[in-house]
There are 2 protein chains.
Amino acid sequence: MSTPEKAPTRRKRMPRAQRERQMIEVAEAVFAERGYAAASMDEIAERVGVSKPMLYEYFNSKEGLLLACIREARAELRHVTEQAVVGAAGAEDAMRAGLRAFFRFIRDRKQAWSLVRHEITLVGTSAAEEIEATRQQQTDLIATLMSGYFDDSDTVRVQAAAEFVVGGCERLAIWCERYDELTPEAVTEYAMDLLWGGLQRLTSR
Amino acid sequence: MSTPEKAPTRRKRMPRAQRERQMIEVAEAVFAERGYAAASMDEIAERVGVSKPMLYEYFNSKEGLLLACIREARAELRHVTEQAVVGAAGAEDAMRAGLRAFFRFIRDRKQAWSLVRHEITLVGTSAAEEIEATRQQQTDLIATLMSGYFDDSDTVRVQAAAEFVVGGCERLAIWCERYDELTPEAVTEYAMDLLWGGLQRLTSR
DNA sequence: GAAGTAACCTACTGCTGGTAAGGTGGACTC
DNA sequence: GAGTCCACCTTACCAGCAGTAGGTTACTTC
């Protein structure tokens, strides 16, 4: 009636940072599971155990939430690859270590990876440039690794090569999901063969 | 009132096939312009000069419409590359011709290309497998072109190489949109350098 | 324990994908 | 040239989801 009995709304309050992490975690799962379009903010809110306006309080929009998830995933990916590269001796070794870290990430964090693939849905929004910038960092890292093998003056060519490598590896990552007997190490060797040969050809001209 | 004056509903009737083409054409433009999520069926219908239920009559759903657009674009892309490859003499020449056709397509049919990039939004739907199959045809074509350079027994490796090339070129295509002074021919040479070196390394092991 | 604030909720709006049910006009028969 | 058929097309609606207004509750601080 007009006096609804007070349901024991056992609310758990949480510090902001912690809530945010939790929301991103759940959203990542839901987006990966249903796809961006089919995922509903109501469902995400419910799974978090929080009401919808909270999501908007934290992320402003559905796109904002997706962006936060992608940002998180990309940061994680960037961290593991950089970590791997730093410990390596020599350019070839660094390349191999970076690739291995990448393909391991793909295997271990399937959800995060599938999210990154959805970044296309953000083109045309205000988030587009941030996404593009993050992606640029990734190719720049590769370009740095390779730059020793190029004439320094030809920066456009180095960029092109880096883009090619990134695209090739991303596609390879999608492809090898279908073969679970394919270890990250094996795929790394495939990639090394393909791209290292290309680099050597370029340096010998 | 209850007797709405007959607005001169200047309807143009059209044979089914022609309407369908027209719808796909408009939808391609709208999807490319706004992105899939932001595009509205109402707007597409209005631009075609037809009512919304007609779109559903023809394509069943928004996803169906997107699928039809992508199918069309991919068919077009496949046609131009195959055409280019057929006329070539020798494997290297065929590869180069195919790449050139691809990068020209990207330049001339920007809309179609941007649509193909949105195919990720269809994963998890019934259309997913058709998309995957179409894509497979593309890599198979590449794999065939390259197979002369591999030990026949190692088909997995050939597949991996083909995937790598496709991914690399796709990323290169996105990248070179930012540089309008970059001709398709120039980008083709970048790609040839990168992938041909890789192939030669593989054959020399 | 009163005041203040950060976290949270209920209850709504408007838009868009999708549908039901019916109108209309060209083509074909006779 | 009147009747009939059917493909084409429409208006008018529903359900569900992104996004919001405004009030409530628990925790901290003094």
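Just so we're on the same page: letters track the sequence lines, and every chain starts at 1.
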Counting side-chain heavy atoms from CB outward, which of [options] is closest to [X]?
| X | options | result |
| --- | --- | --- |
| B/Ser61 | C/dG18, C/dT16, C/dA7 | C/dG18 |
| A/Lys62 | D/dT10, D/dG19, C/dG17 | D/dG19 |
| A/Asp42 | C/dG17, C/dC9, D/dA18 | D/dA18 |
| B/Pro53 | C/dA20, D/dA18, C/dA7 | C/dA20 |

Side-chain N or O of [X] closer than 4.0 Å to phosphate OP1/OP2 of [N]:
| X | N | answer |
| --- | --- | --- |
| A/Tyr58 | C/dC8 | yes |
| B/Arg19 | D/dA7 | no |
| A/Arg16 | C/dA7 | yes |

- Ionic contact status for A/Arg107 with A/Asp180, cut-off 4.0 Å: no
Atom pair distance, as rounded to whole Å: [atom1] in [X] and [atom2] in [N]:
| X | N | atom1 | atom2 | answer |
| --- | --- | --- | --- | --- |
| A/Leu65 | D/dC17 | CG | C1' | 15 Å |
| A/Glu46 | C/dC9 | CD | P | 12 Å |
| A/Lys52 | C/dA7 | NZ | C1' | 19 Å |
| B/Glu63 | C/dG18 | CD | P | 7 Å |
| A/Arg34 | D/dA18 | CZ | P | 12 Å |
| A/Leu55 | D/dT20 | CG | P | 13 Å |
| A/Glu57 | D/dT24 | CD | C1' | 15 Å |
| A/Met41 | C/dC15 | CE | P | 19 Å |

- Message: So for atom CD, which belongs to A/Glu33, do other residues, nucleotides or ligands contribute more than 12 heavy atoms lying within a distance under 6.0 Å?
- Response: yes
- How about A/Gln138: does its CD atom have over 12 heavy atoms from other parts shown lying under 6.0 Å from it? yes
- Item | Given DNA chain D, 5'-ward residue of the pair A/Ala39 and B/Ser51, judged by closest heavy atom | B/Ser51
- Task: Please state whether the rings of B/Trp175 and B/Tyr190 are parallel, tilted or perpendicular, taking 30° and 60° as the class boundaries.
- Result: tilted
- Anything under 30° is parallel, anything over 60° is perpendicular, the rest tilted; go ahead and classify A/Trp113 against A/Phe102. perpendicular
